[in-house]
Amino acid sequence: MARIVMKFGGTSMAGMERIRNVAARVKYVVDQGHEVAVVVSAMAGETDRLVGFCKEASALYDPAEYDVVVASGEQVTSGLLAMTLKAMGVDARSWLGWQLPIRTVEAHAKARIESIDTGALVAAMQAGQVAVIPGFQGMMADQRVSTLGRGGSDTSAVAVAAAVKADRCDIYTDVDGVYTTDPRIVARARKLDLVTYEEMLELASVGAKVLQTRSVGLAMKEGVVVQVLSSFDDPTQDNLPGTLIVSDEELDAKLKETKMERQLITGIAHDKNEAKIIVTRVPDKPGAVASIFTPLADAAINVDMIIQNDSKEKEETDVTFTVPRADLARSVDILEGLKDVIGFRRIITDTQVAKVSVVGVGMRSHPGVAATMFKTLAERGINIEAISTSEIKVSVLIDEDETELAVRVLHTAYGLDAPAA
Ligand code: ASP
Ligand code: MG
């Protein structure tokens, strides 16, 4: 017997037929004798619809009331799932965020979970009752409803799993796992059986939208075993295909067990949500770069790739960097306002860019990963506009129109293509 948290996303909860399928899966797991808590998303599209109402109500809506409105989508699905389970003869009840409670920091629309009271929850689970918990929502110290930011129900599920010390957190979604790259771009992308937390963190943050990035960070920190599974497969199947997210050590152990070799590259991700900013002719002196990035940081704008090319002739340099597209206008505004303080010539922006990243813990012990990437792109005439690296990732910024081509040739170059069918 294990203690399992099951999480179902929006497409899995979209309509009564889907919810009945989810209930059948939950019943199957309960019937095997496991203790179960379920975390659910709102029906697909529902949160967008509710956000639309808020914007219509007032351009400057009150964030506290926004949370009251958008949290309702998950209240509906948790109630419906509990009802459906009961109709199938499975004991179940819903526990809303404020009832447990799931305590969050004081930050409407972007709250972080601080703690979850588990007394009643664990007692119910031990008594054989399925606890159905709406994801995305919590309660602040002033007892008002809060929400965790879009995609937050993954984080709710991992937080519940950590709090009840679950053996596993199974995240059911509309794909059957994490792939080497987006299968819509590369038909021969392969599903990964195993991926490490760190790789998943890099893949999630560079555009592989299977899990909310924050949920992966939390799982890594809390050591929660996470499994991504499809909710569209037969609900009464034992070994559903999926991807297991493990630690580096667990990966090594599993590879030994199966006598498999560690891949150099695990996956290739792309992200079209960034914009490039070039600040030209910044004085080449201490403090200049800080005068650009400090005000952006103060405005909570996430700067990603940075390059600075200093000109040997002049005492000036161009600074190039990327920000989320949604923050581009605000970034330019802030910098233009500080033109005299920073002392630059002008600002050039470009939204026709995409970031392509190769990710893999295998590159730690293998030189040449970046060189292969640059050479492969050069052979196709793809120009690199910026580069950034971490221990397990190399990212390049390229023309947006060349994204698909870049992903495809890199997938082949690193030997990730599945054998032809
Ligand atoms: N329903 C919320 C959203 O669409 C939370 C979630 O589904 O993860 O962002
Ligand atoms: Mg989601």
Side-chain angles (χ1 to χ4, degrees), residues 175 177-196 198-210 213 243 248 251 255 260-276 278 304-309 318 320-322 325 350-421:
V175 291
V178 180
Y179 277 71
T180 48
T181 196
D182 186 341
R184 284 167 304 186
I185 295 181
V186 180
R188 283 163 71 184
R190 281 184 292 116
K191 187 180 73 62
L192 297 161
D193 294 329
L194 295 167
V195 64
T196 69
E198 285 169 284
E199 289 170 331
M200 196 57 215
L201 211 48
E202 295 282 19
L203 289 169
S205 67
V206 289
K209 284 178 200 62
V210 183
T213 313
T243 300
D248 232 14
L251 177 71
L255 290 176
M260 300 243 297
E261 258 190 70
R262 190 175 266 233
Q263 293 280 338
L264 183 58
I265 294 302
T266 304
I268 296 171
H270 69 280
D271 183 359
K272 295 185 179 177
N273 284 313
E274 296 206 18
K276 184 174 75 170
I278 306 174
D304 183 30
M305 310 172 102
I306 302 176
I307 45 176
Q308 183 192 355
N309 355 304
D318 287 351
T320 303
F321 57 95
T322 62
R325 271 187 209 177
D350 187 358
T351 52
Q352 284 294 313
V353 291
K355 183 170 66 168
V356 174
S357 309
V358 299
V359 174
V361 286
M363 73 172 76
R364 273 203 190 112
S365 48
H366 278 269
V369 168
T372 301
M373 185 178 200
F374 303 154
K375 188 166 152 273
T376 306
L377 296 175
E379 279 165 6
R380 294 304 179 116
I382 298 171
N383 190 39
I384 297 170
E385 301 176 30
I387 302 165
S388 72
T389 64
S390 80
E391 230 194 330
I392 64 162
K393 180 186 75 171
V394 184
S395 302
V396 295
L397 197 71
I398 60 171
D399 186 328
E400 185 179 4
D401 291 340
E402 295 176 319
T403 314
E404 282 75 16
L405 175 64
V407 170
R408 235 175 265 135
V409 295
L410 290 171
H411 199 264
T412 305
Y414 289 108
L416 295 174
D417 292 349

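Since this is a predicted model, take the numbers as computed values, not measurements. One-based numbering along the sequence shown.
Side chains of I268 and V356 form a contact here, defined as non-hydrogen atoms less than 4.5 Å apart. At least one side-chain heavy atom of F374 sits under 4.5 Å from a side-chain heavy atom of V396. Taking 4.5 Å as the limit, some side-chain heavy atom of H270 sits within range of a side-chain heavy atom of I185. The shortest distance between side-chain heavy atoms of M363 and V394 falls below 4.5 Å.
The shortest heavy-atom contact between E400 and T351 is OE1-O, 3.8 Å. What you find for V195 and E199 is that their closest heavy atoms are CG2-OE1, 3.5 Å. Of all heavy-atom pairs between I384 and I387, the closest is CG2-CG1, 3.6 Å. Looking at every heavy atom in both residues, V369 comes nearest to Y414 through O-OH, 2.6 Å. Closest of all the heavy-atom pairs between L377 and V409 is CD2-CG2, 4.5 Å. Across every non-hydrogen atom of H366 and L264, the tightest pair is CB-CD1, 3.3 Å.
Residue pairs meeting the side chain to side chain donor-acceptor pair (under 3.5 Å) criterion with at least one member in residues 367-384: none, sequence neighbours excluded.
Considering CG of L251 and OG1 of T266, their distance stands at 8.0 Å, rounded to 0.5 Å. Rounding to the nearest 0.5 angstrom, the gap separating the CZ atom in R408 from the OG1 atom in T403 is 10.5 Å. Considering CG of L405 and CG of L410, their distance stands at 9.0 Å, rounded to 0.5 Å. Between T389 atom OG1 and M305 atom CE the span is 9.5 Å, to the nearest 0.5 Å. Residue D304 holds its CG atom at 4.0 Å from OG1 of T322, rounded to the nearest 0.5 Å. Atom CD1 of residue I398 and atom NZ of residue K355 lie 12.5 Å apart, to the nearest 0.5 angstrom.
Under a 3.5 Å cut-off, the side chain of R325 and the backbone N or O of N273 do not form any donor-acceptor pair. Under a 3.5 Å cut-off, the side chain of T196 and the backbone N or O of D248 do not form any donor-acceptor pair. Side-chain atoms of R190 come within 3.5 Å of backbone N or O of L416 as a donor-acceptor pair. Using modelled atom types, no side-chain atom of E274 and backbone atom of V353 make a donor-acceptor pair closer than 3.5 Å.
In this structure, the ring pair (Phe, Tyr, Trp, His ring centres under 6.0 Å) partners of F321, at least two apart in sequence or on a different chain, are F293. For S357, the side chain to side chain donor-acceptor pair (under 3.5 Å) partners at least two apart in sequence or on another chain are S395.
Counted by atom type alone, D417 and T412 present one or more donor-acceptor pairs between their side chains at under 3.5 Å.
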